[in-house]
Amino acid sequence: MKHKIKHNIIFLHLPKNGGATLNAFLNRIYPANSVYQIRLKDSNTLTTQDFIDLPQSERSKIKVLKGHMYYGLHKYLLGTSEYITFLRHPEKRILSFYNFVQERPNHRLYQEVVGQKMNFSDFVEKMNTEDIHNAQIRYISGLPNADETTMLNVAKKNIEQHFAFVGLQEYYDESLVLLKKYYNWGIPYYTYKNKAHKPKVQNIIDTTTKNMILQKNAGDLELYAFIEEKLQRDLANSKHLAFELKKLSFANKLSNYRLGRYLLKSLNI
């Protein structure tokens, strides 16, 4: 079912936070000519400037903007806009990012990580990249080169003033149910995208590495706790949550089969 949009939606896709899955869902429910995605041109360059350089006549058609981007691109869209995004606990996000890099020879960090045979602890300690150092507050604040306190404070302010919703990857289905209610979507069934198939390290992080992650991501961790507290309140106040989660789970199972996908589509779900 294709949906009309009251306000422009900007999905700020934070890397390794489940965004590829939500991207596919948004493509399914909104008309293709109203959606624009910021993509990688090469291993280092995004198409952000290409979007900015679009003629106004083209930008006026965009109602859903999504992709890896820093906060602030709403000023290039016509009409009012609201942001949505998902956070992820820094430990899990950085572990996922490490696995992601190892699986992709064309990634800008692949040669350094694989060539030097970095284990996960080495990766956290030695890599000097914003991807593993408060990446989430960098994107949401729109101030990637500011100090940690400034990025955190501005990220919180942006969320309070300009974000319709912030979910958590660890509460993915619960977050989708809340989003569904806010936007009056059908059942937001999905299949996972960009999920690592062969993890390079176990999901057990030693204490030393864990402390390094938390030290480098104190701002991200504080923002995560801030959002988790709010999300828990919203979930506690959400009516029929258990039933909505069961419907989503059933639709997800159906979507694994061609006939199931046909049925969901025929029912405009």
Side-chain angles (χ1 to χ4, degrees), residues 1-5 9-32 35 37 64 66-67 82-93 95-97 99-100 103 136 159 163-199 202-204 224-269:
M1 179 168 60
K2 300 298 183 181
H3 286 250
K4 294 182 179 179
I5 301 176
I9 297 173
I10 302 177
F11 172 41
L12 201 158
H13 176 184
L14 305 180
K16 305 316 301 168
N17 286 12
T21 302
L22 185 58
N23 273 335
F25 172 70
L26 293 173
N27 286 340
R28 189 174 78 236
I29 63 172
Y30 291 113
V35 178
Q37 182 164 351
V64 177
K66 56 194 181 77
E82 54 190 23
Y83 288 78
I84 60 175
T85 196
F86 275 72
L87 300 181
R88 190 174 189 179
H89 194 282
E91 291 177 18
K92 294 180 180 179
R93 194 192 73 80
L95 177 59
S96 178
F97 181 64
N99 289 333
F100 182 80
E103 290 184 349
Q136 297 177 102
I159 287 171
F163 280 67
F165 182 79
V166 180
L168 296 179
Q169 201 273 349
E170 288 80 2
Y171 300 84
Y172 201 74
D173 284 2
E174 292 87 346
S175 296
L176 283 181
V177 166
L178 293 180
L179 263 176
K180 165 194 177 298
K181 291 183 178 182
Y182 181 82
Y183 284 111
N184 195 30
W185 289 336
I187 300 174
Y189 64 91
Y190 63 89
T191 54
Y192 278 112
K193 304 291 183 180
N194 276 0
K195 188 175 182 179
H197 298 292
K198 297 179 180 178
Q202 296 180 346
N203 290 326
I204 300 174
Y224 182 94
F226 172 75
I227 294 300
E228 184 177 28
E229 182 179 351
K230 180 181 184 305
L231 184 66
Q232 291 286 13
R233 290 197 305 269
D234 292 342
L235 290 172
N237 294 326
S238 180
K239 295 181 180 179
H240 313 300
L241 176 63
F243 179 62
E244 292 291 342
L245 288 171
K246 287 180 180 179
K247 285 198 301 182
L248 176 56
S249 177
F250 181 69
N252 284 343
K253 291 176 182 177
L254 275 181
S255 70
N256 288 319
Y257 305 95
R258 181 179 297 180
L259 181 60
R261 291 192 295 272
Y262 174 81
L263 178 62
L264 292 167
K265 185 176 181 180
S266 66
L267 294 173
N268 286 324
I269 293 176

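All heavy atoms count here, side chains included; hydrogens, waters and symmetry mates do not.
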Please confirm whether the ring centroid of Y183 lies under 6.0 Å from the ring centroid of F165. no
Roughly how far, to the nearest 0.5 Å, is CD1 of I84 from CG of L26? 5.5 Å
Show your reasoning for whether side-chain contact (heavy atoms from CB on, under 4.5 Å) applies to I187 and L264. CA-CA 9 Å; I187 300 174; L264 292 167; 5.7 Å; no
Quick one: pull up CZ in R261 and CZ in R28 and give me the separation to the nearest 0.5 Å. 11.0 Å
Nearest 0.5 angstrom please: F11 CZ to L179 CG, how far? 9.5 Å
Okay, side chain of Q136, backbone of R88: is any donor-acceptor separation there less than 3.5 Å? yes
Exercise: identify the closest heavy-atom pair between L87 and Y224: CD1-CA, 4.1 Å
Is the shortest heavy-atom distance from the side chain of L235 to the side chain of V177 under 4.5 Å? no
Partner of Y190 under ring-ring contact (aromatic ring centres under 6.0 Å, His included), chosen from W185, F25, Y172: Y172
If we only count heavy atoms from C-beta on, is the E244 to K181 side-chain gap below 4.5 Å? yes
Of all heavy-atom pairs between S175 and L231, which one has the smallest distance, and what is that distance? OG-CD2, 3.9 Å
At what distance, to the nearest 0.5 angstrom, does CD of E174 lie from CG of L248? 9.0 Å
Between N99 and L95, is any pair of side-chain heavy atoms under 4.5 Å apart? yes
Non-hydrogen atoms of A164 and E82 that approach each other most closely: CB-CD, 3.7 Å
Step by step, work out the side chain to side chain donor-acceptor pair (under 3.5 Å) result for N27 and K66. CA-CA 10 Å; N27 286 340; K66 56 194 181 77; 3.1 Å; yes
Out of curiosity, L22 CG to N17 CG, how far, rounded to the nearest 0.5 Å? 11.5 Å
Side chains of S249 and K253, heavy atoms from C-beta outward: is any pair under 4.5 Å? yes
Answer yes or no: is there a side-chain heavy-atom contact under 4.5 Å between E170 and H89? yes
Could you grab the distance from atom NZ of K16 to atom CD of Q169, nearest 0.5 Å is fine? 9.5 Å
Close side-chain approach of L254 and Y189, heavy atoms under 4.5 Å: no
Within 6.0 angstrom of K92 NZ, more than 12 heavy atoms from elsewhere: no
Main chain of L245, side chain of D173: is a donor-acceptor contact present, judged purely on distance under 3.5 Å? no
